[in-house]
2 protein chains.
Amino acid sequence: MGNISQPSYHHGNLRRVIIDAALQAIGESGPAGWSLRELARRAGVSHAAPAYHFGDKQGLLTAVAAEGFAMFADALESAAADVWEVGVAYLRFALDHRPYFEVMFRPELYRVDDPSVQSAHQRAADVLITSAHSLSPGPEHDRTTTVAAWSLAHGFTTLWLSGALPESTDGDPEALARSMIRLVFGALAGGSAPGEDRTGSRR
Amino acid sequence: MGNISQPSYHHGNLRRVIIDAALQAIGESGPAGWSLRELARRAGVSHAAPAYHFGDKQGLLTAVAAEGFAMFADALESAAADVWEVGVAYLRFALDHRPYFEVMFRPELYRVDDPSVQSAHQRAADVLITSAHSLSPGPEHDRTTTVAAWSLAHGFTTLWLSGALPESTDGDPEALARSMIRLVFGALAGGSAPGEDRTGSRR
DNA sequence: CACCCTAGCTTGACATTGACAAGATGGCGA
DNA sequence: TCGCCATCTTGTCAATGTCAAGCTAGGGTG
C-alpha cells in the first residue's frame, strides 16, 4: 500500500495530523474559515475525533498558538546575536509561518492563560525586550524604546500581511524592514551602524 | 407607550439598529462571537431580517468597515494640522471605537473591494502619507519614513488592544504613544520639536 | 377615495456546525 | 490469555447562515 497507515482505530498521531490540517486550512481561509468537521474529513477520521484531542475548537487553536509561540521564540533567539536582525526575524517568521502568526495575535481565538502558551510567549517577549534594550539611547528611554521597536516590527508585519499598506509598497518586505530599522534606530542610537554588534555594550 | 415605535413591519431604521447591535456585540465578544440571529433577537425582529439589508454576515461587516474607515479618515484629518498628533489620533480612534477598528483591519471578514470601503480607506491613507512626508529626513527616505510611521502607530495600537505588551507597560497609552513618536521621529527629523508645526515646510 | 405596487419584514425549511453522550476497538501490560 | 483504557466512532441536539416564498402597510397613481 505504501500508505502511512489508515487503520480505523488508533490512528497513532492524529493529534499532529489535525493540527497540520488546521494550519493548512487557516492558510487557505483564515483562522475562522473552516470547521472541525472539515478537518476530520481531511484527516479521514470521524467528525468527533478532533474533539477528543483538543476538547473544542478553542482547544485546537490553543495548541496552534502554543506551538507557534514556541517556534517564534526559537526564531527570535536565533537572530538575537545581531540586534539589528531581530525585527527582520519577526517579519520573516510571520511570512514563513503565516497560519501560526494569524492565530497567535488573536487572543479571543484561544486560551491566553494556557501555561504552554504563556511560557513560550514570555520567552519571545524576553528576546524583544533585551534587543530593544541595546537600541535605547539611555536608561530613561528603555521602556519607550522597547515598545517602539516592538510596535514597529509588529505593525509592519501585520500591515504587510493584511495588505493595508499603499500599493507603492511592493518589492521585498525584508529589505524594507531593514531600511526602516536602520533609519529609525540608526538615528536614535547615535550613529552606531548595523553590522557592528552592540549587544551587551550597555547595562 | 413612549417607545420609539415597534410596529411589526416597516421598522424604519432597522439597518442602523442592526449595525449598532453588531457594534455592541463585537465590543462584547469580538467580531466573531455573535450570530446574525442574535442581532435580530436584540433588535426585536425576525431571524432573517438582517439578511434583507446586508445580504449576509460579510455584508454586515462590510458596512461596519466602511463606516469605520470613514470615521477613521475624519479623525485623522482633524488631527492632521499637527503632524505629531496624527499617530496619537490613530491610537485614540482605536480606543474610542474599538469595535470598528477590530473589523477594519481584518480583511477576511468583509469585502475589501467594496467601493465605499476603498474610498474611505484611501482617504485615511492619504492623511498618513502626507503626515509621514513631513517627518522624513529627506526625499530619498520618504517611503521608508511613511511605512515606519504607519507601522509604529498601527503596531502599538494593535499590541495595546490585544494586551500582548509586557505587564510593565501600563498607564496612559496616549502618553506612551506621544513619547514614542517624539523619541523616534524627533531624532530622525533632526531636532525639530513637537509643537512646532512643520507641515508644509517641505514640499 | 379606492387601488395596487413594492420596499421591508416574516415564516418556513435545509444543510452544516460545535458539542456532548454512549458505544466500539484493539494494543499493551499483568 | 484476559481485561483495561486510550483512542476513535456513532448518534443526537440545538443553533446557525442562507435561501425561497409569503405577508403587510403606506405612498403614489388613477
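Fair warning: this is a prediction, and the values are worked out from it, not measured in the lab. Sequence lines set the chain letters: A, B, ... in the order given, protein chains first and strands last, and positions in each chain run from 1.
Using the six-membered ring where Trp is involved, A/Tyr100 and A/His97 have ring planes that are perpendicular, over 60° apart on the 30 and 60° scheme.
Within residues 17-27 of chain A, no residue places a heavy atom under 4.0 Å from DNA chain D. Contacts between residues 28-37 of chain A and DNA chain C, counted as heavy-atom distances below 4.0 Å, involve A/Ser35, A/Leu36, A/Arg37.
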Return a table of donor-acceptor pairs under 3.5 angstrom between the side chains of residues 58-65 of chain A and protein atoms on other chains or two or more places apart.
residue: A/Gln58; atom: OE1; partner: A/Arg111; partner atom: NE; Å: 3.2
residue: A/Thr62; atom: OG1; partner: A/Gln58; partner atom: O; Å: 2.7
residue: A/Thr62; atom: OG1; partner: A/Arg111; partner atom: N; Å: 3.1

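For the pair A/Leu109 CG and C/dG18 P, the computed distance is 14 Å after rounding to whole Å. The nearest whole Å value for the distance from the CG atom in A/Asn13 to the C1' atom in D/dT7 is 13 Å. Distance, A/Tyr52 OH to D/dT9 P: 12 Å, rounded to whole Å. For B/His53 and C/dG8, the NE2 to P distance is 7 Å, given to the nearest whole Å. If you take CG of B/Leu60 and P of D/dG17, they are 11 Å apart, rounded to a whole angstrom. To the nearest angstrom, P of D/dT16 lies 9 Å from NZ of B/Lys57. Distance, B/Arg15 CZ to C/dG8 P: 11 Å, rounded to whole Å. Between the CG atom of B/Leu61 and the P atom of D/dT18 there is a distance of 10 Å, given to the nearest Å.
The side chain of A/Ser46 has D/dT10 as its nearest neighbour among C/dA19, D/dT10, D/dT18. Closest contact between the side chain of B/Ala49 and the listed nucleotides D/dT9, C/dA19, C/dC9 involves C/dC9.
Not a single donor-acceptor pair under 3.5 Å links the side chain of A/Ser136 to the backbone N or O of A/Ala132.
Residue contacts for A/Ala48: at a heavy-atom cut-off of 4.0 Å it reaches a base atom on one of the strands shown.
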Exercise for the section: Go through B/Glu28 and B/Arg42 one step at a time and tell me if the salt bridge (charged side-chain N to carboxylate O under 4.0 Å, His left out) criterion holds. Expected result: CA-CA 14 Å; B/Glu28 290 166 9; B/Arg42 293 199 194 189; 3.0 Å; yes
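Within the 4.5 Å cutoff, the side chain of A/Phe54 has heavy atoms near those of the A/Arg15 side chain.
With sequence neighbours left out, B/Arg106 forms a salt bridge (charged side-chain N to carboxylate O under 4.0 Å, His left out) with A/Glu108. Checked against ring-ring contact (aromatic ring centres under 6.0 Å, His included), A/Trp34 has no partners two or more places apart in sequence or in another chain.
Counting only residues at least two apart or in different chains, ring pair (Phe, Tyr, Trp, His ring centres under 6.0 Å) contacts with residues 55-74 of chain A comprise A/Phe69-A/Phe105, A/Phe69-A/His121, A/Phe72-A/Tyr90, A/Phe72-A/Phe93.
Looking at B/Glu85 and B/Arg182, no side-chain N of the basic residue comes within less than 4.0 Å of a carboxylate O on the acidic one, giving no salt bridge.
Considering only side-chain N and O atoms, B/Arg41 lies nowhere under 4.0 angstrom from the phosphate OP1 or OP2 of D/dA15.
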